[in-house]
Visitor: 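So that we are looking at the same thing, I have put the structure below in structure tokens.
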2 protein chains.
Amino acid sequence: MTAAADVLHRQGVERTTIADIAEAADVPVGNVYYYFKTKDELVQAALATHSEHFAALTAELDELPDPLERLKAMVGTWIDQRDVAARYGCPTGTLAAELDKRADGGIDLEAGEVIKLALNWAERQFRELGRPEPEPADLALTLISGYQGMSLMANALRDPEIMTREGSRLNRWLDALAADRPPAPGRSV
Amino acid sequence: MTAAADVLHRQGVERTTIADIAEAADVPVGNVYYYFKTKDELVQAALATHSEHFAALTAELDELPDPLERLKAMVGTWIDQRDVAARYGCPTGTLAAELDKRADGGIDLEAGEVIKLALNWAERQFRELGRPEPEPADLALTLISGYQGMSLMANALRDPEIMTREGSRLNRWLDALAADRPPAPGRSV
DNA sequence: GTCTATAATGGGATAGAC
DNA sequence: GTCTATCCCATTATAGAC
């Protein structure tokens with residue numbers, strides 16, 4: 001599954017052969033088919049890997065006491081990943097874009113579910129920040145959309161510095177938002 | 001070329017066969033090969049079509065006297081395209097993402113050139129707005145990155161309303177910038 | 001220039017020995 | 001459960017008639 005997630009991220013779904021994944025996992029081709037009946041199942045496995053990765057990351061960030069610090073730490077991980085983003089884009093985002101080109105109603109929306117995990121996590125942080133306005137859901141959309149945008153731009157232009165520039169802007173934006181928040185007693189849940 | 005650009009946008013490069021393009025253009029397969037020696041040449045033709053499209057759009061917007069109005073009109077065209085963006089993403093952005101998965105140093109960076117056209121146009125508008133700070137190039141990156149982000153999110157979640165929500169935010173951000181208020185994307189005005 | 005038929009290749013999926 | 005050999009189909013690209 002790790003090998004599948006990795007190779008599918010680097011080469012994309014359509015340009016990845018089962019042989020590629022088998023080679024990366026150092027097993028023969030027939031062996032892959034013993035565990036995954038179709039190529040689509042390998043894609044789903046990669047998606048599940050991304051979900052778990054994200055869950056592990058947020059579990060770690062949730063240890064931080066302040067939602068602002070959590071959000072900025074998330075932005076920090078994005079900036080840290082700038083080189084891989086500039087070369088291959090966001091693993092989930094590029095996968096979603098590729099799957100959405102399919103006509104069949106198969107797994108093409110499952111990548112969206114992983115992105116929703118990120119949206120929901122971010123929304124919780126904004127809600128804890130205690131800003132009723134704009135809506136936490138809108139702020140979450142702006143943040144995750146910002147990440148997807150900067151990843152795609154960095155990838156298209158092959159320039160990791162784009163992640164740094166846009167990441168800093170997001171951090172300044174978060175700071176400005178938090179500076180506006182009501183005093184602690186009036187903080188909503 | 002129009003048929004190629006259209007089908008490649010909807011199906012993606014890898015899932016599109018020459019037969020698909022031939023059928024869309026209503027010509028036999030062999031005929032396509034008479035004008036385009038390889039599939040890659042069809043992809044390049046699609047990219048050229050996108051460039052021309054963008055050039056025609058900006059030529060029209062450049063008629064507007066005020067750079068702020070030009071920028072907001074551009075955001076307006078993005079919002080107008082919300083349904084197609086939600087289904088197939090930004091034509092150039094999704095193409096760039098797909099081409100960047102290639103290992104060969106072929107046409108994989110040419111989509112980036114088309115995106116640079118958008119960045120340069122936006123940068124000119126911000127420079128004309130007369131704001132020295134932040135850098136017009138950074139503002140352009142934020143704007144185009146915002147468009148790519150909202151397109152990908154709308155596509156991944158199959159929700160055109162995301163284009164409306166994020167598009168409105170970009171418009172408020174532009175207004176705030178022009179009014180020389182501190183830049184605060186996400187802030188409702 | 002237009003079209004049909006077909007060659008050549010690559011890769012998803014399977015059979016079956018071990 | 002592991003691995004090799006192979007089937008079969010889709011697709012790129014070309015040959016050659018008209």
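In what follows, chains are A, B, ... by sequence order, proteins preceding strands, each numbered from 1.
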Visitor: Check for a donor-acceptor pair, side chain of Lys101(A) on one end and backbone N or O of Arg15(B) on the other, with a separation under 3.5 Å.
Guide: no
Visitor: Looking only at atom types and distance, does a side-chain atom of Glu60(B) sit under 3.5 Å from a main-chain N or O of Ala56(B), one as donor and one as acceptor?
Guide: no
Visitor: Using the rule that Ile, Leu, Val, Met, Phe, Trp and Tyr join whenever any side-chain heavy atoms are under 4.5 Å apart, tell me whether Leu95(A) and Val13(B) fall into a single cluster.
Guide: no
Visitor: Near DNA chain D, which residues from residues 25-37 of chain B have a heavy atom under 4.0 Å away?
Guide: Tyr33(B)
Visitor: Run the side-chain contact (heavy atoms from CB on, under 4.5 Å) test against Thr16(B) and tell me which residues pass, sequence neighbours left out.
Guide: Val7(B), Leu8(B), Gln11(B), Asp20(B), Ile21(B)
Visitor: Are Asp100(A) and Arg158(B) close enough for a salt bridge, meaning some N to O gap below 4.0 Å?
Guide: yes
Visitor: Is it true that a side-chain atom of His9(B) and a backbone atom of Gly89(B) form a donor plus acceptor pair closer than 3.5 Å?
Guide: yes
Visitor: Can you pull out the residues from residues 41-48 of chain A that lie within a 4.0 Å heavy-atom distance of DNA chain C?
Guide: none
Visitor: Near DNA chain D, counting only heavy atoms under 4.0 Å, which residues of residues 7-17 of chain A show up?
Guide: none
Visitor: Inspect the contact between Arg10(B) and Asp6(B) and indicate whether a charged nitrogen and a carboxylate oxygen are less than 4.0 angstrom apart.
Guide: yes
Visitor: Please step through side-chain contact (heavy atoms from CB on, under 4.5 Å) for the pair Arg102(A) and Asp40(A), ending with a clear verdict.
Guide: CA-CA 12 Å; Arg102(A) 298 184 169 198; Asp40(A) 275 5; 3.3 Å; yes
Visitor: Less than 4.0 Å between a side-chain N and a carboxylate O, is that true for Lys72(A) and Glu69(A)?
Guide: no
Visitor: What range of DNA chain D does chain B touch, first nucleotide to last, counting atoms under 4.0 Å from its heavy atoms?
Guide: dT11(D) to dT14(D)
Visitor: According to the salt bridge (Lys or Arg N to Asp or Glu O under 4.0 Å) rule, which pairs have a member within residues 109-123 of chain B, sequence neighbours left out?
Guide: Glu113(B)-Lys116(B), Glu123(B)-Arg127(B)
Visitor: Between Arg172(B) and Asp175(B), is the side-chain contact (heavy atoms from CB on, under 4.5 Å) condition met? List the steps.
Guide: CA-CA 5 Å; Arg172(B) 289 193 302 272; Asp175(B) 278 332; 5.5 Å; no
Visitor: Leu157(A) and Leu47(B): same hydrophobic cluster, using ILVMFWY side-chain contacts below 4.5 Å?
Guide: no
